[in-house]
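A quick note: this is a predicted structure, and the numbers were derived from the prediction, not measured.
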Amino acid sequence: MDDIFASFPDKEAFDNFWKETYEVLTYEDVKEAYEAYVEKAEKHIFISDYEAAGAISREDFMENLSEDAQFAFQDALTEIFYEKNQEVYETAFAIFEEAALSENGKGKIAETFHQEYERLYKDFMNQIFDKYYA
């Protein structure tokens with residue numbers, strides 16, 4: 001990408017692009033992949049010590065997911081995010097990469113992308129918890 005910072009010189013410019021371009025994701029978008037993973041794993045998606053202790057709670061279950069489960073859930077979210085928001089995804093990553101390469105501190109320009117991804121992941125995982133472990 002040509003100088004990405006010419007198009008997105010600050011967070012406000014990216015946020016305006018986000019508002020115009022971002023297509024909202026819902027749990028329905030990831031439901032099939034998430035629930036298929038849990039069912040295939042027969043609900044054993046945690047590190048063994050945590051699961052053996054038998055005290056699975058909504059407060060800390062995400063911190064105790066197995067590496068395989070973390071990857072599966074994040075991969076499913078990333079795929080659908082990219083599918084529905086390819087331009088936003090590619091632009092945000094171009095900003096992050098260019099900022100890292102140039103060490104110019106402009107990585108926060110696309111912070112909205114990261115915040116929304118993290119919010120979605122937490123929300124969707126809580127829905128999985130509520131369905132299978134609550």
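Applying the side-chain hydrogen bond (donor to acceptor under 3.5 Å, both in side chains) definition to pairs two or more places apart or across chains, those involving residues 22-31 are Tyr22-Glu116, Tyr27-Glu35, Asp29-Lys84.
With sequence neighbours excluded, no residue forms a side chain to side chain contact (heavy atoms under 4.5 Å, CB included) with Ala55. Contacts of Gln74 classified as side chain to side chain contact (heavy atoms under 4.5 Å, CB included), with partners at least two apart in sequence or in another chain: Tyr117, Tyr121. Residues meeting the side chain to side chain contact (heavy atoms under 4.5 Å, CB included) test with Ala76, sequence neighbours left out: Ala33, Tyr34. Evaluation of the salt bridge (Lys or Arg N to Asp or Glu O under 4.0 Å) rule for Asp60 yields no partner, not counting sequence neighbours.
With rounding to the nearest 0.5 Å, the separation of CD in Glu51 from OG in Ser66 is 9.0 Å. Here the straight-line distance linking atom CG of Asn85 with atom CD of Glu90 works out to 11.0 Å at 0.5 Å rounding. In this structure, CG on Asp75 lies 10.5 Å from CG on Asp68, to the nearest 0.5 angstrom. Atom CD1 of Ile80 sits about 11.0 Å away from atom CG of Leu120, to the nearest 0.5 Å. One distance of note links OG1 of Thr21 with CD of Gln86; it measures 12.5 Å at 0.5 Å rounding. Of the inter-residue distances, the one linking Ile56 atom CD1 with Asn64 atom CG reads 9.0 Å to the nearest 0.5 angstrom.
Side chains of Ile95 and Phe5 form a contact here, defined as non-hydrogen atoms less than 4.5 Å apart. Between Lys106 and Phe8, the closest side-chain pair of non-hydrogen atoms is not below 4.5 Å.
Atom CD of Gln70 has more than 12 heavy atoms from other residues, nucleotides or ligands within 6.0 Å. Counting heavy atoms of neighbouring residues, nucleotides and ligands inside a 6.0 Å radius, atom CD of Glu67 does not exceed 12 of them. Counting heavy-atom neighbours within 6.0 Å of Gln115 CD, excluding the residue itself, gives a total above 12. Environment of CD in Glu118: crowded, with over 12 heavy atoms of neighbouring residues, nucleotides or ligands closer than 6.0 Å.
Between Phe73 and Tyr37, the ring centre distance stays below 6.0 Å.
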Distance-only donor-acceptor pairs under 3.5 Å for side chains of residues 107-114, two or more places apart:
residue	atom	partner	partner atom	Å
Thr112	OG1	Lys11	NZ	3.1
Thr112	OG1	Asp15	OD1	2.4

| task | Take Asn16 and Glu20 through the test side chain to side chain donor-acceptor pair (under 3.5 Å) and record every step on the way to the result. | result | CA-CA 6 Å; Asn16 287 334; Glu20 294 170 5; over 6 Å; no
| request: List the steps, then state whether side-chain contact (heavy atoms from CB on, under 4.5 Å) holds for Ile4 with Thr91. | output: CA-CA 8 Å; Ile4 189 78; Thr91 301; 4.2 Å; yes
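If you chain together hydrophobic residues whose side chains sit under 4.5 Å apart, Leu65 and Phe71 never meet in one group. Phe14 and Leu101 fall into different hydrophobic clusters, where Ile, Leu, Val, Met, Phe, Trp and Tyr are joined by side-chain heavy atoms under 4.5 Å apart, directly or via other members.
The aromatic rings of Tyr89 and Tyr82 sit perpendicular, their planes meeting at an angle over 60°, well past the 30° parallel limit.
Here the closest non-hydrogen pair linking Ile45 and Ala41 is CG2-CB, 4.0 Å.
At least one donor-acceptor pair closer than 3.5 Å links the side chain of Tyr133 to the backbone N or O of Lys43.
Counted by atom type alone, Tyr50 and Glu63 present zero donor-acceptor pairs between their side chains at under 3.5 Å.
Electrostatic pairing of Asp130 and Arg58 counts as a salt bridge here, judged by a charged N lying under 4.0 Å from a carboxylate O.
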